[in-house]
Novice: 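I am attaching a structure below and will ask some questions about it afterwards.
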Amino acid sequence: MISEIISRNVAEAIESLYGQRIQEAQVQIEKTNKDFSGDFTVVVFPFLRISKKAPEVTAQEIGTLLKLNVSEIADFNVIKGFLNLVISDSYWGKKFLEIAPDSDYGLQKTTEENPVVIEFSSPNTNKPLHLGHIRNNLLGWSVSQILKANGKNVKMVNLVNDRGIHICKSMLAHQLFGNNETPESTGMKGDKLVGKYYVEFDKKYKEQISEGIESGLNKEEAEQKAPLMIQAKDMLKKWEDNDTETLKLWTLMNSWVYKGFDQTYEKLGILFDKTYHESSTYLLGKELVEQGVQKGVFVKKEDGSVWIDMTEEGLDEKLLLRADGTSVYITQDMGTALLRHKDYSPEKLIYVVGNEQNYHFDVLKKILARLDYQWSQDIYHLSYGMVELPEGKMKSREGTVVDADDLIDEMIETARITTTELGKTDDFPEEEAENLYRILGLGALKYFILKVDPKKNMTFNPQESIDFNGNTGPFIQYTHARICSVLRKADLENFSISQHSEFDFELFEKEKSLIKLLNEFPETIANAGKFLDPSLIANYVYELAKEFNGFYHEHSILNEPDETRSIFRLSLSNCTANVIKNSMKLLGIEVPIRM
RNA sequence: GGUCCUGUAGCUCAGCUGGAUAGAGCAACAGCCUUCUAAGCUGUAGGUCGCGCGUUCGAAUCGCGCCGGGAUCACCA
């Protein structure tokens, strides 16, 4: 790494000039600001105490010595306390020759150690996936790919919330108002059909509450005594008692939902290594609670409910088990965490869950720590912000929820319209054209969401996301397609970088900045892995694509008279295309070879 | 009220562990298609980085205090 070379030599220079050894890590190296000449900048202010000289003088002295002793450093200039170093073209040429032949540059092979388990998606079986889930799924998928590129053995798991009173509501609505409908008979996607029943239940339930209030009950009584609620609770009890008919209906309706979800996942290009179901893990949580009571970590109250007092940690008292012995949300999560730990012994357990559950995961970690599970510190809640619309928050009551399938279809449709208007696909076979619209529509959607810092709330503007200009997925896809087109047109016989042991000519600014950017790719992946943040990759690849477009307009790639430089530029284009492709892979975005 | 997140151009967002004159895109305006894909490129304009104090050679970045936005503090999941 060039930065290591610089810091080592700066440290040595300081020692020989001023007789004092400093830590190499203390040498601050930055990319040189665009408006100044040079590649890297060493900030000398921290060394003034040692040199006891003015900043300019210190920088000048260090620079002189570096230029003399370090072959990679071709020149330097000093502005105030900033020592700008110019790296030799031959260094960049050599660096490029290392990078260029590797089409998987930046993507590491997965190792078998260090399993990292990442949970995402985690849908509810009575609600179709919406825009919020899309952010969740894309984040989970992308972070998984980034971790893989960092050499981790990643296991992607899903946890389906398939039990509880809410499930019974949609089952009941199906029984009462469903007329034996099925996805086949209605032509509806399974998850949509079940979601419809859930809404229907809610509607009828509210009517019953109103009736109850009219007949003199207070609100709470009316809610409790509504016939539908009583029936739903009754059904939950039957479910927990393994009533055959209830389980049969439950299994059937769940199978509809799963089929529907799978279609959406497939469209998004998402696969899981394993799917957990709460119905088969919730009992484990109860055992944990029992253990905790015996250890004296939890308290059982007179009515039989179990609590944990976390006031010392600045949190509240938390219910862990209801008086009737049924489990609550956190009970289940304790169970699934333990199960997952047993299944994988992960070095890290990541949960991609919205920031409205920050408190929940705080509590979960602390409870597990209280139970002396050391691995509780390996739990990491990858919290992400809400997705809002330009008009405001999504609210199911107001019907402003953006359905995932509808959105995907809408994006693809817009891609089709825009592309057709531009006449881009006039000579495409139908199948290839359709595939392109899909790639573009999804690319626009995915990129728009992933380029934003996960922890921030974001505004999703359908209009703007479909704008194919600027910092968008399609712009990057376009750049890739354009490079592929150039490579197709090149005489590939003459394009073999392996024939060259070096390119020794002076690099143009754009060529050099492209190589510099390519060189930064592995570092960007490492950072994205460290912060579990795909937006770092997104911003990187945009910069790369933009840089290439500038290059493309300034320099001829195909018609370069100098043969060596022509080969160099083709290799540079090819390498850029590879890095774009690899970056987009980390974001879960496909890249077309022509568009 | 407690805790956590957040506030950068008209809008959507970058700005990593403090560094030089705060960056992109959209929108606006002005140019560029006989030449490798114009879904593009180049330029102009647009900012008290919410406010104040502090730390330091140096703060959008770190600390503290205000102000604004969001989330959460359920026998919902």
Side-chain angles (χ1 to χ4, degrees), chain A residues 25 28 30 32-36 41 43 45-46 48-49 55 79-82 84 122 124 126-127 161 163-167 278 303 305 307 314-324 326-330 332-333 354-360 362-363 383 385-386 388 390 393 415 418-419 421-422 424 440 448 451-453 455-461 463-465 467-472 474-475 477-479 481-490 523-524 527-528 530-531 533 535-536 538-540 542-543 546 549-550 552-560 569-570 573 594-595:
Chain A
Q28 280 185 61
E30 268 131 51
T32 300
N33 196 308
K34 268 179 193 140
D35 301 332
F36 301 94
T41 297
V43 186
F45 290 109
L48 299 184
R49 274 188 309 139
I79 293 164
K80 291 189 273 182
F82 299 95
N84 300 324
S122 310
N124 215 311
N126 50 23
K127 281 181 194 153
N161 178 265
R163 63 162 296 278
I165 187 87
H166 52 289
I167 308 296
E278 283 195 351
D303 65 355
S305 60
W307 297 74
L315 305 175
D316 299 317
E317 282 197 325
K318 183 89 185 171
L319 176 89
L320 301 177
L321 210 59
R322 294 191 188 102
D324 64 2
T326 56
S327 62
V328 291
Y329 180 41
I330 195 130
Q332 294 170 183
D333 259 13
N355 62 8
E356 72 272 13
Q357 293 192 33
N358 288 355
Y359 180 76
H360 172 78
D362 205 10
V363 172
S383 160
M386 292 177 32
E388 291 168 20
K393 283 184 202 168
T418 318
T419 310
E421 274 174 7
L422 287 166
K424 293 273 182 182
L440 290 175
F448 192 89
K451 75 174 176 185
V452 181
D453 182 350
K455 68 173 176 290
K456 286 188 177 176
N457 286 356
M458 67 173 291
T459 307
F460 179 79
N461 185 334
Q463 299 298 321
E464 203 173 302
S465 73
D467 193 338
F468 289 15
N469 292 310
N471 190 357
T472 62
F475 169 72
Q477 291 170 318
Y478 170 68
T479 308
R482 182 187 254 181
I483 297 173
C484 290
S485 166
V486 169
L487 294 175
R488 267 195 306 274
K489 289 183 178 168
E523 199 184 329
T524 308
N527 272 331
K530 187 173 154 196
F531 300 112
D533 182 359
S535 74
L536 298 177
N539 286 298
Y540 166 83
Y542 173 59
E543 200 182 331
K546 205 153 61 96
N549 268 282
Y552 184 90
H553 281 270
E554 267 184 36
H555 299 289
S556 154
I557 296 171
L558 286 174
N559 308 318
E560 169 62 44
R569 286 197 179 154
L570 283 170
S573 306
R594 66 183 189 130
M595 61 187 276

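Numbered from 1 within each chain, the chains take letters A, B, ... in sequence-line order.
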Novice: Take L321(A) and S305(A) through the test side-chain contact (heavy atoms from CB on, under 4.5 Å) and record every step on the way to the result.
Specialist: CA-CA 5 Å; L321(A) 210 59; S305(A) 60; over 6 Å; no
Novice: Please identify each residue that fulfils side-chain contact (heavy atoms from CB on, under 4.5 Å) with N549(A), with sequence neighbours left out.
Specialist: F475(A), Y478(A), T479(A), R482(A)
Novice: For L440(A), answer base if it contacts any base atom (sugar-phosphate contacts may also be present), sugar-phosphate if it contacts only those atoms, and nothing otherwise; contact means non-hydrogen atoms under 4.0 Å.
Specialist: base
Novice: Checking E30(A) against F82(A) for the side-chain contact (heavy atoms from CB on, under 4.5 Å) test, could you report, in this order, the C-alpha distance in whole Å, the side-chain angles of both residues, the deciding distance, and whether it holds?
Specialist: CA-CA 10 Å; E30(A) 268 131 51; F82(A) 299 95; 5.6 Å; no
Novice: Sequence neighbours left out, what passes side chain to side chain donor-acceptor pair (under 3.5 Å) with N471(A)? Give chain and number order.
Specialist: Y447(A)
Novice: Which ranges of RNA chain B pair up as stems, where a stem means three or more consecutive Watson-Crick or G-U pairs with both distances under 3.5 Å?
Specialist: B:1-7 with B:67-73, B:10-13 with B:23-26, B:28-32 with B:40-44, B:50-54 with B:62-66
Novice: Could you write out each protein N or O paired with an N or O of nucleotides 67-72 of chain B at a distance under 3.5 Å?
Specialist:
from   : atom 1 : to      : atom 2 : distance (Å)
G70(B) : O3'    : K393(A) : NZ     : 3.0
G70(B) : O2'    : N457(A) : ND2    : 3.3
A71(B) : OP1    : K393(A) : NZ     : 2.2
A71(B) : O2'    : N355(A) : O      : 3.4

Novice: Does S556(A) have any side-chain contact (heavy atoms from CB on, under 4.5 Å) partners at least two apart in sequence or in another chain, and if so, which?
Specialist: N559(A)
Novice: Does the protein touch nucleotides 25-30 of chain B at the base, only the backbone, or not at all? Give it as B, S and - per nucleotide, heavy atoms under 4.0 Å.
Specialist: SS----
Novice: For R569(A) and I557(A), indicate whether the former's side chain and the latter's backbone hold a donor-acceptor pair under 3.5 Å.
Specialist: no
Novice: Using a 4.0 Å heavy-atom cut-off, does D333(A) contact any base of the nucleic acid, only the sugar-phosphate backbone, or nothing at all?
Specialist: nothing
Novice: Between the protein and nucleotides 34-37 of chain B, list the N/O to N/O atom pairs that are separated by less than 3.5 angstrom.
Specialist:
from   : atom 1 : to      : atom 2 : distance (Å)
C36(B) : O3'    : K489(A) : NZ     : 3.4
C36(B) : O2     : I557(A) : N      : 3.4
C36(B) : O2     : L558(A) : N      : 2.9
C36(B) : N3     : I557(A) : N      : 3.1
C36(B) : N4     : Y552(A) : O      : 2.3
C36(B) : N4     : H555(A) : O      : 2.6
U37(B) : OP1    : S485(A) : OG     : 3.1
U37(B) : OP2    : S485(A) : OG     : 3.3
U37(B) : OP2    : K489(A) : NZ     : 2.5
U37(B) : O5'    : Y552(A) : OH     : 3.4
U37(B) : O2'    : Y478(A) : OH     : 2.3
U37(B) : O2'    : R482(A) : NE     : 3.1
U37(B) : O2'    : R482(A) : NH2    : 3.2
U37(B) : O2     : K424(A) : NZ     : 3.0
U37(B) : N3     : M595(A) : O      : 2.7
U37(B) : O4     : A481(A) : O      : 3.3
U37(B) : O4     : M595(A) : N      : 3.2
U37(B) : O4     : M595(A) : O      : 3.4

Novice: As a test of the definition: with a 90° window around 0 for syn, would you call C16(B) syn or anti?
Specialist: anti
Novice: Can you tell me the distance, in whole Å, between the CZ atom of R49(A) and the P atom of C57(B)?
Specialist: 9 Å
Novice: Between F448(A) and F475(A), which residue's closest nucleotide on RNA chain B lies nearer the 5′ terminus?
Specialist: F448(A)
Novice: Partners of H360(A) by ring-ring contact (aromatic ring centres under 6.0 Å, His included), sequence neighbours excluded?
Specialist: Y329(A)
Novice: How far apart are the C-alpha atoms of M595(A) and K424(A), what are their side-chain angles, what is the distance that settles it, and do they pass the side-chain contact (heavy atoms from CB on, under 4.5 Å) test?
Specialist: CA-CA 7 Å; M595(A) 61 187 276; K424(A) 293 273 182 182; over 6 Å; no
Novice: Checking D453(A) now: which residues fulfil side-chain contact (heavy atoms from CB on, under 4.5 Å) with it, not counting sequence neighbours?
Specialist: K455(A), K456(A), D533(A)
Novice: Please find the pair of heavy atoms, one from P55(A) and one from G81(A), that lie closest to each other, and give the distance.
Specialist: CB-CA, 3.8 Å
Novice: Taking atom P in both G47(B) and G58(B), compute the distance separating them and give it to the nearest angstrom.
Specialist: 27 Å
Novice: Could you check if a side-chain atom of R594(A) sits within less than 4.5 angstrom of a side-chain atom of S485(A), using non-hydrogen atoms only?
Specialist: no
Novice: Can any side-chain N or O of N457(A) pair as donor or acceptor with the backbone N or O of M386(A) at less than 3.5 Å?
Specialist: yes
Novice: Collect all protein-nucleotide pairs involving nucleotides 14-20 of chain B in which both atoms are nitrogen or oxygen and the distance is under 3.5 Å.
Specialist:
from   : atom 1 : to      : atom 2 : distance (Å)
A14(B) : OP1    : D453(A) : N      : 2.6
A14(B) : OP2    : K456(A) : NZ     : 2.9
G19(B) : N7     : Q28(A)  : OE1    : 2.7
G19(B) : N7     : Q28(A)  : NE2    : 3.4
G19(B) : O6     : Q28(A)  : NE2    : 3.4
A20(B) : N6     : T41(A)  : OG1    : 2.6
A20(B) : N6     : N84(A)  : OD1    : 2.9
A20(B) : N1     : N84(A)  : OD1    : 3.2
A20(B) : N1     : N84(A)  : ND2    : 3.4

Novice: Pair Q332(A), R163(A) - check side-chain contact (heavy atoms from CB on, under 4.5 Å), show working.
Specialist: CA-CA 11 Å; Q332(A) 294 170 183; R163(A) 63 162 296 278; 2.4 Å; yes
Novice: If we ignore hydrogens and angles and just use 3.5 Å, is the side chain of D362(A) paired with the main-chain N or O of N358(A) as donor and acceptor?
Specialist: no
Novice: Give me the distance, rounded to whole Å, that separates A30(B) from C67(B) when you measure between the P atoms they each carry.
Specialist: 46 Å
Novice: For G550(A) and I165(A), take the nucleotide of RNA chain B holding the closest heavy atom to each; which residue's nucleotide lies nearer the 5' end?
Specialist: G550(A)
Novice: Excluding sequence neighbours, so at least two apart, what forms side-chain contact (heavy atoms from CB on, under 4.5 Å) with E543(A)?
Specialist: L517(A)
Novice: To the nearest Å, give me how far apart CD1 (I330(A)) and C1' (A74(B)) are.
Specialist: 12 Å
Novice: So, using side chain to side chain donor-acceptor pair (under 3.5 Å) as the criterion, who are the partners of T419(A) when residues are at least two apart?
Specialist: none
